[in-house]
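Okay, so here's the structure we're looking at.
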Number of protein chains: 2
Amino acid sequence: MQASGSKQLHSKAPIVTVDVVLLTLKDEQLCAALLQRPREPHAGEWTLPGGFVHTDEDEDTLAAAARILSTKVGIESPYLEQLQTFSGPHRDPRGWSVAIVYYALVPHDSVPGEAPAPRAEHAPATVLSIAAPPRLKWRPVDDIRSLPFDHLQILRTAVERVRSKTLYSSLPVHLMSATFTLSELQAVYEALLGTRLDKRGFRRRIEELDVVEEAPGAPVRGAHRPAQRYRMKRHGAQRLAVSPKNLTL
Amino acid sequence: MQASGSKQLHSKAPIVTVDVVLLTLKDEQLCAALLQRPREPHAGEWTLPGGFVHTDEDEDTLAAAARILSTKVGIESPYLEQLQTFSGPHRDPRGWSVAIVYYALVPHDSVPGEAPAPRAEHAPATVLSIAAPPRLKWRPVDDIRSLPFDHLQILRTAVERVRSKTLYSSLPVHLMSATFTLSELQAVYEALLGTRLDKRGFRRRIEELDVVEEAPGAPVRGAHRPAQRYRMKRHGAQRLAVSPKNLTL
DNA sequence: TTAATAGTGTCTGTCAGACACTATGTG
DNA sequence: CACATAGTGTCTGACAGACACTATTAA
C-alpha cells in the first residue's frame, strides 16, 4: 500500500503514468514521436513518450510531461496541453493503471532527428539523455496502425483533437518556426485538414484571431515576390485564440 | 511501493482519487451537489463527491465516478463526462495527489433532496459507508465562495465548461426532465447563459441540432395555450450534438 | 373579450465563400 | 517579356438576429 495507510484496504492503488503525444509537421504530414522502450513491458517496441510522476520534483502532471519531453526527447517548452486521462485494468500488463495524457506541438525545425544519438545539425543544447540513449523516430500519424498498450487509441484521440481545434482556433501556429509566411501557415492548415482553403478567407480569419504579427527583418526572398514574415504574438504564455464568431447561439 | 517493484525507487506514488462535479438546475439556478465529509482530512466540511478507485471492481475511472454517484449520492446513470485531471503536491494534505474529475448533469426532479440519510429508493447495493451516512446539499454554484482541497477551482472549471458548451451544443438537455417543452428548454439555456434568447432563433437552432423529438402523450395544459412536449432523442448512448455551422474555417 | 403563452413568417444586415484582380519578385 | 507567388477588392448567397404576426387555451 501507499500514502493512505488507513482506509483503502480493499484494492491495490492504480499505477500512475504521464504520457505525451508529441506532434510535428514534416513534409506536409502530421507526425508523432515514438520512443523505443528500453524496459519491460513491451521492451524494444515503439511507444509514446511517457513515464512515472516524480512526486519529489514535479509540481504537477503538466510539469511531469514537460520533464519527460525534456529528458527523453530533448525538447524544451513546447506547446503542451492536457488531452485526457485514460484508465482501466487491462491497458497496462502491470495492472490497473491511469495515464494522464498531454499533447504537445513543436515546429519541425526545433526537433531532434531520428538518429540513435541526436544529430548535431539541430538541437545544439545539451541533451541530457545521452547516458541511456532512447531511440526516437517520427512517423506520420496516418501510417501508424498499431501501438503497444492503448497508445493507438490515445494517439487517435490526440490527432482528432488537434484537427478539430484547427477548424476554429489558432492552435497550428505552434507547429510553425519562429517566423513564417501566411502562405506557409495556410499550407499547414491545409495539411492538417486535408482540404484546400481560400486564400482571402484564410487571411481574414487569421487576422481576426489576432495571434500573429509582422516580424521584423527582411521578407522571404524566394523564387518570386517576397513574402512578409510573421511570428506568433506572445500574449502571456501560450493562449489559444478561438474565433468569437463561432460562439453564438 | 506498488506493482512496478523495480524502477521507481526515487519517489512515492501519488494518491489517486476520482471526483465528480454534480450539477442540476433548481429555480433557474445552476446548483452543485456537496457532501459532508465523514472522515479526515477536512472531516465535517462540505466537498465535491469523490473517492478512491476500486481496482477490484471499477472498469475505469468513468465507472468509478458512476459508482461514487450511485453509492454516495444515490444517482444512477446521469450524463457523465470527463472534465480534467488535477494534480500537485499540495492540493490534498495527505500528499502528492491526482484527481481525475468528471462532471455530471441531472434533471432536478430525479435527484435526492437534502435529507441527512440517503433515501432507501436508490442504492440497493450494500453501501459500505452507511456507518457514517454522508449528508447531501445543493448549493447555487455562484454562491459557493470556498471549498476544501482545490475543489473550488475544480467547480469553477466545470461550470465554465458547461456554460461554454451551452453556447454551441445541446448539453443542457441533460438537465431536463424526461419530457419538456421548448419554452422550458429555452428558459434553461437562458438561465445558464444569463442572457435572453430570441425564440425563433432558439427553435431553429434546436431543430438543427436534432437532439429532441416530439414526445407522445398529451401536451402541457397550462394556464393558456398547450405546449408540445419533447424528449431527448437517444442516439446510441449520450451523444453530444454540436452545430456543424460552427465548425468552418 | 382579454390575457397569456405557443408557435410561425419574414425582412435585413452581415459575413463567409468565391474569384478576379493587382503587386512584386526572378530569369 | 513570361511566370510564379504575394497580397487585395469586391460580389453574392446564406443565414442569424430581430420582430411582428397568428394560434390556442383559460377565465
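Treat the numbers as computed from the prediction; the structure is a model and nothing was measured. Order of the sequence lines sets the chain letters (A, B, ...), proteins ahead of strands, with each chain counted from 1.
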For A:L197, does its backbone N or O pair with a side-chain atom of A:E190 as donor and acceptor, under 3.5 Å?
yes
Please state how far atom [atom1] in [X] lies from atom [atom2] in [N], giving the value in whole angstrom units.
X	N	atom1	atom2	answer
A:Y230	D:dA6	OH	P	12 Å
B:Q228	D:dT25	CD	C1'	15 Å
B:Q186	D:dA18	CD	P	13 Å
B:F202	D:dA18	CZ	C1'	17 Å
B:E207	D:dC15	CD	C1'	15 Å
A:R204	D:dG7	CZ	P	17 Å
B:I206	C:dG7	CD1	P	14 Å
A:R205	C:dA18	CZ	P	14 Å

Can you find an N or O donor on one side and an acceptor on the other, under 3.5 Å apart, linking the side chain of A:R200 with the base of D:dG9?
yes
Would you tell me if any nitrogen or oxygen in the side chain of A:S183 comes within less than 4.0 Å of OP1 or OP2 on D:dT5?
no
For B:P226 and B:D198, find the nucleotide of DNA chain C closest to each by heavy atoms; which residue's nucleotide sits nearer the 5' end?
B:P226
Under 4.0 Å between a side-chain nitrogen and a carboxylate oxygen: does that hold for B:E213 and B:K233?
no
Would you check if there is a donor-acceptor pair between the side chains of B:Q228 and B:Y230 at a distance under 3.5 Å?
no
Just checking, is any N or O donor in the side chain of B:D60 or A:S87 under 3.5 Å from an acceptor N or O on the other one?
no
Please tell me which of B:K199 and B:R225 maps to the more 5' nucleotide of DNA chain D, matching each residue to the nucleotide holding its nearest heavy atom.
B:K199
Of the candidates D:dC19, C:dT24, C:dT5, the side chain of B:H224 sits closest to C:dT5
